[in-house]
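Just so it is clear, the values below take in all heavy atoms, side chains as well, and ignore hydrogens, waters and symmetry mates. For clarity, every value in this text was computed on a predicted model and none was experimentally measured. We're numbering straight along the sequence, starting at 1.
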Amino acid sequence: MATVSFGRNLNPIPGLAGRGEVRHCRCPSITKPLLLRRRAISIRSGHGDIDLYNGRREECIRTPLRYSSDSLIAASQAHASLALPPRRSKVKICLFFCEEMRELAERVAMESDAIELRSINWRTFDDGFPNLFIPDADGIRGQHVSFLASFSSPRTIFEQVSIIYALPRLFVSSFTVVLPFFVTGSSERMEEEGDVATASTLARIFSNIPISRGGPSSLVIYDIHALQERFYFGDNVLPCFESGMPLLKNRLQKLPDSDNISIAFPDEGSWKRFHKQLQHYPVIVCTKVREGDQRFVRLKEGDPKGRHVVIVDDFVQSGGTLIECQKVLAAHGAAKISAYVTHGIFPNKTWQRFKYEDEDGPDKRMEYFWITDSCPLTVKDVKGVQPFEVLSLAGSIVDALQI
């Protein structure tokens with residue numbers, strides 16, 4: 001038979017008991033400790049005294065009250081309900097999207113029943129300017145609304161900004177823009193007077209999104225080029241920086257040689273950006289060396305010999321740096337070489353430089369080339385083409401929308 005007792009450090013409410021004593025009523029209740037100023041109740045048993053609220057053992061004043069086993073079970077259940085917060089139900093979200101992002105939006109909706117896809121009529125006037133219409137605008141009043149955007153094509157930016165500025169004005173409860181790829185992120189600094197840091201310009205555009213009924217709008221971005229770009233945004237928008245690295249780590253764990261993986265960074269910038277997220281893997285760092293008008297990649301630290309080396313960066317355009325890094329790693333004995341970038345831009349179809357050829361060997365071809373679906377035009381081009389494999393952001397976007 002266990003005994004319920006109260007700790008010495010408790011201060012009863014004046015009038016209920018004097019110092020160092022506890023008054024009991026004829027019908028004790030397991031909820032009585034809630035009348036005390038400091039929440040604490042403990043059970044004395046053969047195993048010692050256990051504080052049900054704080055989970056620690058402490059010296060207690062024994063009381064003559066004895067509870068049945070049914071009462072103890074009820075007390076444990078009451079404690080569990082107090083210790084564990086209730087599971088938060090998922091918020092219903094109306095998700096609008098641009099046409100480029102239709103496939104990703106459908107994937108997002110398949111990931112969660114809380115996502116409801118909504119359409120927009122993307123029309124144009126005869127002069128080419130957008131003629132836009134949001135169907136059932138009254139139906140989203142009081143709803144949580146999101147827009148999945150893609151700025152990979154400059155010609156569609158204006159029409160998307162028009163929608164982004166219109167949606168929060170429709171009396172919605174909250175508004176979130178999901179822009180997986182912040183396209184001007186690499187233009188974040190000036191090297192000489194006259195340079196225009198277009199990353200700041202795009203940030204100002206988002207900083208002026210109208211406030212919804214719930215307050216400032218949110219902006220979800222994946223692997224922005226430099227974290228300090230968060231300071232380009234004003235107070236009217238809440239930037240949320242997510243990463244595709246969890247997708248890569250999950251994929252690496254499924255490889256047959258997952259215990260032989262090393263991570264390579266093509267330069268110090270990518271190392272600073274991602275090394276903490278991949279610190280459980282052996283690290284190899286390359287560096288870019290300028291000799292005259294040419295730039296070369298050199299091995300700075302780490303040993304790739306006999307390893308399956310995965311080159312990691314935030315984005316790729318022509319792929320020249322990745323190819324040079326691949327050659328250096330192969331020359332130092334890497335057994336296999338793969339690559340991961342969150343944003344596969346590949347202008348002018350430069351992804352074709354990485355297609356499988358008849359030649360074999362780590363210096364001639366990539367084992368895998370992972371990208372996410374942040375750049376939808378590239379995803380369509382490389383579908384079914386080796387060594388490319390697309391890791392979808394859909395599940396991560398669902399989680400970000402529920403924050």
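Thr201 and Tyr232 share no side-chain donor-acceptor pair at under 3.5 Å. In this structure, a donor-acceptor pair under 3.5 Å is present between the side chains of Glu100 and Ser152. Between the side chains of His308 and Ser262, no donor-acceptor pair is found at a separation under 3.5 Å. A side-chain donor-acceptor contact under 3.5 Å links Ser270 and Asp267. For the residue pair Gln317/Thr350, the side-chain donor-acceptor check at 3.5 Å is not satisfied. Ser174 and His144 share a side-chain donor-acceptor pair at under 3.5 Å. Between the side chains of Thr124 and Asn131, no donor N or O sits under 3.5 Å from an acceptor N or O.
A salt bridge does not link Asp313 to Arg273: none of the charged side-chain nitrogens sits closer than 4.0 Å to a carboxylate oxygen. Salt bridge annotation for Arg251-Glu389: present, with a cationic side-chain nitrogen under 4.0 angstrom from a carboxylate oxygen. Electrostatic pairing of Glu268 and Lys300 counts as a salt bridge here, judged by a charged N lying under 4.0 Å from a carboxylate O.
Taking the side chain as every heavy atom from C-beta outward, Ile345 and Val316 never approach each other to under 4.5 Å. Side-chain contact between Arg141 and Leu170 is absent, with no heavy atoms from C-beta onward closer than 4.5 Å. The side-chain heavy atoms of Glu159 and Leu132, taken from C-beta on, include a pair separated by under 4.5 Å. Side-chain contact check for Leu278 versus Tyr340: every heavy-atom pair is 4.5 Å or farther apart. Counting only heavy atoms from C-beta outward, the side chains of Phe97 and Val108 never approach each other to under 4.5 Å. Looking at Phe265 and Val283, their side chains come closer than 4.5 Å, going by heavy atoms from C-beta outward. By the 4.5 Å heavy-atom criterion applied to side chains, Thr156 and Ser153 are counted as neighbours. Side chains of Ile163 and Ile134 form a contact here, defined as non-hydrogen atoms less than 4.5 Å apart.
Shown here is Asp195, whose CG atom has more than 12 heavy atoms of other residues, nucleotides or ligands within 6.0 Å. Counting non-hydrogen atoms of neighbouring residues, nucleotides and ligands closer than 6.0 angstrom, the NZ atom of Lys272 reaches no more than 12 such neighbours. Atom CZ of Arg353 has more than 12 neighbouring heavy atoms from other residues, nucleotides or ligands inside a 6.0 Å radius. No more than 12 heavy atoms of other residues, nucleotides or ligands shown are found within 6.0 angstrom of NZ on Lys327.
When Val178, Leu148, Leu95 are each tested for a side chain to side chain contact (heavy atoms under 4.5 Å, CB included) with Met101, only one passes: Leu148. For the side chain to side chain contact (heavy atoms under 4.5 Å, CB included) with Tyr368, the qualifying choice from Leu252, Ile337, Leu255 is Leu255, the only one to do so.
Listed for the Thr372 side chain is a donor-acceptor partner under 3.5 Å among the backbone atoms of Thr342. Counting only distance, with no hydrogens or angles, the side chain of Lys92 and the backbone of Asp113 share a donor-acceptor pair below 3.5 Å. Side-chain atoms of Ser173 come within 3.5 Å of backbone N or O of Gly142 as a donor-acceptor pair. Distance alone, capped at 3.5 Å, places no donor-acceptor pair between the Asp373 side chain and the Val379 backbone. For Lys249 (side chain) and Gln277 (main-chain N/O), a donor-acceptor pair under 3.5 Å exists by modelled atom type. One N or O on the side chain of Tyr222 and one on the backbone of Ile397 form a donor-acceptor pair closer than 3.5 Å. Of the possible donor and acceptor atoms, none in the side chain of Thr184 sits under 3.5 Å from a partner among the backbone N and O of Ser187. Of the possible polar contacts, none joining the Glu106 side chain to the Glu103 backbone as a donor-acceptor pair under 3.5 Å is found.
Taking the ring centre of Phe147 as origin, the terminal cationic atom of Arg118 falls outside the region bounded by 6.0 Å and 45° from the ring axis.
The side chain to side chain donor-acceptor pair (under 3.5 Å) test applied to Asp314 returns His225, not counting sequence neighbours.
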- side-chain contact (heavy atoms from CB on, under 4.5 Å) between Thr176 and Leu401, worked out: CA-CA 8 Å; Thr176 301; Leu401 292 177; 3.9 Å; yes

- Go through the steps to decide whether Asp303 and His332 satisfy the test side-chain contact (heavy atoms from CB on, under 4.5 Å), and finish with yes or no. CA-CA 8 Å; Asp303 184 9; His332 284 80; 5.8 Å; no

- Evaluate side-chain contact (heavy atoms from CB on, under 4.5 Å) for Arg204 paired with Phe233, printing each intermediate quantity in order. CA-CA 6 Å; Arg204 287 201 298 271; Phe233 296 90; over 6 Å; no

- Go through the steps for Asp257 and Lys336 under the test side-chain contact (heavy atoms from CB on, under 4.5 Å), then give the verdict. CA-CA 10 Å; Asp257 57 350; Lys336 298 178 183 178; 3.7 Å; yes

- Worked verdict on Asn236 versus Ser207 for side-chain hydrogen bond (donor to acceptor under 3.5 Å, both in side chains): CA-CA 6 Å; Asn236 287 338; Ser207 298; over 6 Å; no

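Nearest heavy-atom pair, Gln326 versus Pro362, reported as atom, atom and distance to 0.1 Å: NE2-O, 2.9 Å. When all heavy atoms of Cys325 and Pro266 are compared, the closest pair comes out as SG-CA, 4.2 Å. For the residue pair Leu117 and Ala109, the shortest heavy atom distance occurs at CG-CB, 3.7 Å.
Interatomic distance, CD of Glu242 versus OG of Ser396, reported as 5.0 Å (0.5 Å rounding).
Aromatic ring centres of Phe369 and Phe354: separated by under 6.0 Å. Aromatic rings of Phe151 and Phe158 (six-membered ring for Trp) have centroids beyond the 6.0 Å cut-off, not under it.
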